[in-house]
2 protein chains.
Amino acid sequence: MATAWEQAYVTLRRRLADGTYPPGSHLPEEELAAQLGVSRTPIREALRRLDAEGWLRVVPNQGAFATEWSIADINEIFDLRALLETYAAEHAASMPDRRGLDMMEEACDRAEAALPGDDLNAIEVISDTNVNFHRALWEMSGRARCRTTLHSLAVPPMMLRNFRNFDAAGLRRSLDQHREMIKAIASGNAAWAGAVMRAHVEAGRAVFVAAVSRSRDGKWAM
Amino acid sequence: MATAWEQAYVTLRRRLADGTYPPGSHLPEEELAAQLGVSRTPIREALRRLDAEGWLRVVPNQGAFATEWSIADINEIFDLRALLETYAAEHAASMPDRRGLDMMEEACDRAEAALPGDDLNAIEVISDTNVNFHRALWEMSGRARCRTTLHSLAVPPMMLRNFRNFDAAGLRRSLDQHREMIKAIASGNAAWAGAVMRAHVEAGRAVFVAAVSRSRDGKWAM
DNA sequence: CGTCCTACGATTGTATGCAATACCCAAGTC
DNA sequence: GACTTGGGTATTGCATACAATCGTAGGACG
């Protein structure tokens, strides 16, 4: 069994991701401690880590606040993902391994099975398998620092929720890009893998930007 | 006055950077607490943050160990710095501001004044002003996430200590590149700024690689 | 002599208590 | 009426105490 603070970290991160704690909201330590059934000590340690990873901001003597994301922030994140995911894909292609490729295949299979359903549950599955796909790729690249950095960039709330903005054709294309990436990596063609990844990230940005411009007041449902 | 855990964080980070706690060494909480004159609680919170930033690794029930760096790790860090510092330089050039440019100029002036001295103190000053220069540039780029990521990549021990590997000509060239970057940014030429930055990072890598290959057993004095 | 087991010491993990600080609101002043 | 000031409350910051866990040294057994 993992330590209490690690469990708290995982739970709080998930809740920040799924919107249980909306951006800007205050997170009182005692309340979190009561919810998770532990004391404030492990909660505080989890909050320190979430702070370091950008999930929330701990202000001295005021506590933790779920981070709010401006459109500029999100564009920056897409920029960084474009750089780092491409880098990871290129290096994964230069050292492909069976186990990682299998994990990526499996993620695609599961996503494909969920694709026909239009409900939120399908979106949930697709979002989930998407994370698994990318994680397997980061792992295969063998770049530890790149992996942890991408983890903190690609998993936060508005990235996961962006899947709700995809239409059926968009999801189909996203999945096709995943399949193409597997081919590129398996063949050891770094340039190919990198190019597909860059297109993949930019397609995600385009979906996001379109969703933002649809909402007239410039605010979006993240 | 900052909180105790923030002070502990800064102090421990500096000690990890200057070699007081060598790579691989175990850092008992109680000992750190005694050294800094606080209890274990703020120490633990500082350690969580240092862990998240890659300065050390906290193993459950075993404590904190200063991270050890393989040559592959360091090459990865230079790779990521090449990508992200270039990105930051390009965006700084697209939105130059007087105050940031002044800070960069000042860092160069101070480094230049210290340059004639060959002693370790001069190296210290140069290493210090180098950090200030880059920080000012990151700040100017307005990219918050890029800045925090670079902070955790560019400041760790072996990056700071790499300055000891530069010869006089190398330091001179490094400083010239800083001056050139200021010109490029001030003129708003993003491509120029990015190219100089990339060259700057790669020059640093070359110095590092040369230092490693000079030591026959593949270990280096970091 | 080597291996396994146990008990001890050292260190980390968590809970709790108290001190310090910030926020909120009401009363007072200009 | 707007602004300032004071106290009360809620929340965080830190220290301490105790529980849980790990590593190791020593001894028993094969």
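Just so you know, these numbers come straight off a predicted model, no measurement behind them.
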Visitor: Rounding to a whole Å, what distance do you find between A/Phe65:CZ and D/dT12:C1'?
Guide: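 In whole Å, D/dT12 C1' lies 11 Å from A/Phe65 CZ.
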Visitor: For the residue pair A/Arg57 / A/Gln62, report whether a side-chain donor-acceptor contact shorter than 3.5 Å exists.
Guide: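 Not at all, the side chains of A/Gln62 and A/Arg57 share no donor-acceptor pair under 3.5 Å.
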Visitor: Closer than 4.0 Å, any side-chain N/O of B/Arg48 to the OP1 or OP2 of C/dG13?
Guide: yes
Visitor: Tell me which nucleotide among C/dT14, C/dA22, D/dC22 gets nearest to the side chain of A/Ala4.
Guide: C/dT14
Visitor: Look at the side chain of B/Pro28 and decide which nucleotide, out of C/dT12, D/dA15, D/dG13, has an atom nearest to it.
Guide: C/dT12
Visitor: Quick one: is the NZ or CZ of A/Arg143 closer than 6.0 Å to the six-membered ring centre of A/Trp138, and within 45° of its axis?
Guide: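 No, a cation-pi geometry is absent between A/Arg143 and A/Trp138.
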Visitor: Specify the separation, in whole Å, of atom CD of A/Gln7 and atom P of C/dG13.
Guide: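 Distance check: A/Gln7 CD to C/dG13 P gives 14 Å.
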Visitor: Could you tell me how far apart A/Asp51 (CG) and D/dG13 (P) are, to the nearest whole angstrom?
Guide: 11 Å
Visitor: Any side-chain N or O of A/Gln62 below 4.0 angstrom from OP1/OP2 of C/dC23?
Guide: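 Yes, A/Gln62 has a side-chain N/O under 4.0 Å of OP1/OP2 on C/dC23.
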Visitor: Does one side chain, of B/Asn132 or B/Thr129, offer a donor that lies under 3.5 Å from an acceptor on the other?
Guide: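 No.
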Visitor: Nearest-Å distance, CD (A/Glu45) to P (D/dT12)?
Guide: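 Computing the A/Glu45:CD to D/dT12:P distance gives 16 Å.
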Visitor: For D/dT12, does either OP1 or OP2 sit under 4.0 Å from a side-chain N or O belonging to A/His26?
Guide: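 Answer yes for this pair, as a side-chain N or O of A/His26 is under 4.0 Å from OP1 or OP2.
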Visitor: With nearest nucleotide decided by heavy atoms, which residue, A/Thr41 or A/Pro60, maps closer to the 5′ end of DNA chain C?
Guide: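 Whichever sits nearer the 5' end wins; that is A/Thr41.
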Visitor: Are B/His151 and B/His134 near enough that their ring centres are under 6.0 Å apart?
Guide: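 That pair fails the under 6.0 Å test.
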Visitor: Would you indicate which nucleotide in C/dA15, C/dT12, D/dT12 comes nearest to any side-chain atom of B/Glu29?
Guide: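 Looking only at heavy atoms from C-beta outward on B/Glu29, the closest nucleotide is C/dT12.
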Visitor: Expressed as a whole number of angstroms, how long is the span from B/Leu32:CG to C/dT11:P?
Guide: 12 Å
Visitor: When you check the phosphate oxygens OP1 and OP2 of D/dG13, does a side-chain N or O of A/Arg44 lie under 4.0 Å from one of them?
Guide: yes
Visitor: Between C/dA15 atom C1' and A/Arg40 atom CZ, what is the distance in whole Å?
Guide: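 So the CZ-C1' distance, A/Arg40 to C/dA15, works out to 11 Å.
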Visitor: Under 4.0 angstrom, heavy atoms only, what part of the nucleic acid is A/Leu47 near: base, sugar-phosphate, or nothing?
Guide: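 No contact.
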Visitor: For B/Leu150 and B/Cys146, run side chain to side chain contact (heavy atoms under 4.5 Å, CB included): C-alpha distance rounded to whole Å, both residues' side-chain angles, the deciding distance at 0.1 Å, then the answer.
Guide: CA-CA 6 Å; B/Leu150 277 169; B/Cys146 184; 3.9 Å; yes
Visitor: Counting side-chain heavy atoms from CB outward, which of D/dG13, C/dA15, C/dT12 is closest to B/Glu30?
Guide: C/dT12
Visitor: Give the rounded distance in Å between these two atoms: CD1 of B/Ile43 and C1' of D/dT16.
Guide: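 Distance check: B/Ile43 CD1 to D/dT16 C1' gives 15 Å.
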Visitor: In whole angstrom, what separates B/Arg49's CZ from D/dG13's P?
Guide: 13 Å
